[in-house]
Amino acid sequence: MKTIDLLKARRAIRNYENRKVEKEKIEYLLEAATLAPTDRLREPWSFYVIQDEAKERYEELAKEFLLERFPTKPNLVESSLKVVSTTPVMIIVTSDLVIDDEDASEDNEYAVCCAIHSMWLAASELGLGFVWRTRGVGLVRDSRLHTFIGAPENKKIIGTIFLGYPDKEALNSMKPSKRTPYHEKTVWL
Ligand SMILES: Cc1cc2nc3c(=O)[nH]c(=O)nc-3n(C[C@H](O)[C@H](O)[C@H](O)COP(=O)(O)O)c2cc1C
């Protein structure tokens, strides 16, 4: 497939079938991630794969977070928890912080973003549904997630990936992707 077609086909997919994702397919995504560009080959990414029993513990953490964050919105808490319980796999992606070098730490984050995008494209190629979450049940900015994955202090969480086989009905009812044409975003100097 041409790159432009793969890019056009990639979507954020948030509803999944109740079906396990094969380990080889998860590994394919992880391999794709490690091929991303990385300044001075620091390869700053790490991946924490959450399934089965670990996912049950993630659900507990998400519940704690949601009840704290939305104490007066039980329906939102319930629907958000359903999102977690119906997602077969989560992958937390971190970036290495470089001591006393803010620029390198920042560049590491850029590299990890590239890695996540590579995983997203690979998932699309395999027919897997994928979304990068930072807000809400992605828990990216909640320090408890850092403790949960047991990452060392020098790793910053960049994204929580939700992954699974797409729910066909939800997939068929998705609105087409909309983007502003590049010429409205470009200055030719
Ligand atoms: C850095 C980043 C954070 C995101 N966080 C969330 C999120 O917390 N929850 C969510 O549902 N989608 C999240 N998304 C997915 C976007 O909402 C999605 O890419 C956007 O709606 C465009 O849709 P498309 O990916 O299908 O083109 C995130 C995407 C990026 C790049």
Side-chain angles (χ1 to χ4, degrees), residues 9-30 33 45-95 109 112-113 115-151 153 155-179:
R10 184 216 55 80
R11 296 301 309 274
I13 295 177
R14 303 179 178 86
N15 297 285
Y16 313 102
E17 283 180 358
N18 180 13
R19 177 176 165 194
K20 228 177 144 51
V21 178
E22 299 84 344
K23 189 167 183 217
E24 313 83 72
K25 295 198 175 169
I26 299 173
E27 287 174 335
Y28 184 77
L29 267 50
L30 296 171
W45 35 72
S46 299
F47 310 96
Y48 299 80
V49 181
I50 297 175
Q51 310 176 90
D52 308 319
E53 183 274 331
K55 200 171 78 71
E56 284 169 25
R57 287 190 287 113
Y58 188 99
E59 283 171 41
E60 285 303 309
L61 181 61
K63 190 173 178 182
E64 207 178 298
F65 165 84
L66 290 164
L67 288 172
E68 258 172 46
R69 179 94 174 70
F70 306 109
T72 58
K73 297 185 175 167
N75 292 344
L76 177 63
V77 171
E78 195 185 329
S79 62
S80 302
L81 279 175
K82 193 166 171 227
V83 166
V84 181
S85 65
T86 56
T87 299
V89 187
M90 282 121 187
I91 305 175
I92 315 292
V93 189
T94 66
S95 177
E109 288 187 34
V112 171
C113 293
I116 295 174
H117 190 242
S118 300
M119 294 170 88
W120 207 331
L121 291 178
S124 178
E125 182 202 336
L126 295 181
L128 288 168
F130 184 113
V131 65
W132 173 357
R133 287 184 188 270
T134 51
R135 291 171 285 107
V137 289
L139 300 175
V140 161
R141 296 180 181 97
D142 191 299
S143 62
R144 284 169 290 195
L145 184 60
H146 200 274
T147 311
F148 178 89
I149 60 175
E153 280 285 297
K155 292 193 189 292
K156 175 177 172 183
I157 298 175
I158 303 297
T160 299
I161 308 306
F162 279 41
L163 181 71
Y165 281 96
D167 175 80
K168 291 195 181 64
E169 216 171 290
L171 194 63
N172 289 336
S173 59
M174 272 179 89
K175 294 197 180 94
S177 165
K178 229 172 74 182
R179 289 295 191 273

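Because the structure is predicted, anything quoted here is derived from the model rather than measured. Counting begins at 1 with the first residue of the sequence.
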Requested in this report: Take Asn15 and Thr86, measure what side-chain contact (heavy atoms from CB on, under 4.5 Å) needs, and give me the verdict at the end.
Outcome: CA-CA 8 Å; Asn15 297 285; Thr86 56; over 6 Å; no
Requested in this report: For residues Tyr48 and Phe148, determine if any side-chain heavy atom of one lies less than 4.5 Å from a side-chain heavy atom of the other.
Outcome: no
Report task. Give the C-alpha distance, both sets of side-chain angles, the deciding distance and a yes or no for side-chain contact (heavy atoms from CB on, under 4.5 Å) between Val112 and Thr94. Result -> CA-CA 7 Å; Val112 171; Thr94 66; over 6 Å; no
Query raised in the report: What's the spacing between Asn75 CG and Lys73 NZ if we round to 0.5 Å?
Result: 11.0 Å
**Report entry** Under 3.5 Å: donor-acceptor pair, side chain of Tyr16, backbone of Phe162
**Finding:** yes
Query raised in the report: What's the spacing between Leu30 CG and Tyr28 OH if we round to 0.5 Å?
Result: 12.5 Å
Query raised in the report: Looking only at atom types and distance, does a side-chain atom of His146 sit under 3.5 Å from a main-chain N or O of Lys155, one as donor and one as acceptor?
Result: yes
Query raised in the report: Are the side chains of Leu29 and Leu126 in touch, meaning some heavy atoms are under 4.5 Å apart?
Result: yes
Requested in this report: Enter the distance from Ile91:CD1 to Ile149:CD1 here, rounded to the nearest 0.5 Å.
Outcome: 12.5 Å
Requested in this report: Could you tell me whether Lys156 atom NZ has more than 12 heavy atoms of other residues or ligands within 6.0 Å of it?
Outcome: no
**Report entry** Glu27 CD: over 12 foreign heavy atoms closer than 6.0 Å
**Finding:** yes
Query raised in the report: Do Arg133 and Thr87 have side-chain heavy atoms sitting under 4.5 Å apart?
Result: no
Query raised in the report: What heavy-atom pair brings Thr160 and Gly138 nearest, and what distance separates the two atoms?
Result: OG1-O, 2.6 Å
Query raised in the report: If you round to the nearest 0.5 Å, how far is CD1 of Ile116 from CH2 of Trp45?
Result: 11.0 Å
Report task. Report yes if some heavy atom in the side chain of Gln51 is under 4.5 Å from a heavy atom in the side chain of Val21; otherwise report no. Result -> no
Query raised in the report: Just wondering, more than 12 heavy atoms not from Arg57 lying within 6.0 Å of its CZ?
Result: yes
Query raised in the report: Under the ring pair (Phe, Tyr, Trp, His ring centres under 6.0 Å) test, which residues partner Phe130, sequence neighbours left out?
Result: Trp120
Using atom types as modelled, flag every donor-acceptor pair under 3.5 Å from a side chain in residues 167-174 to any protein atom, sequence neighbours excluded.
unit_1, atom_1, unit_2, atom_2, d
Asp167, OD2, Glu169, N, 3.4
Asp167, OD2, Ala170, N, 2.9
Lys168, NZ, Glu17, OE2, 2.7
Asn172, ND2, Lys168, O, 3.3
Ser173, OG, Glu169, O, 3.2
Ser173, OG, Ala170, O, 3.2

Query raised in the report: More than 12 heavy atoms of other residues, nucleotides or ligands under 6.0 Å from NZ of Lys55: is that the case?
Result: yes
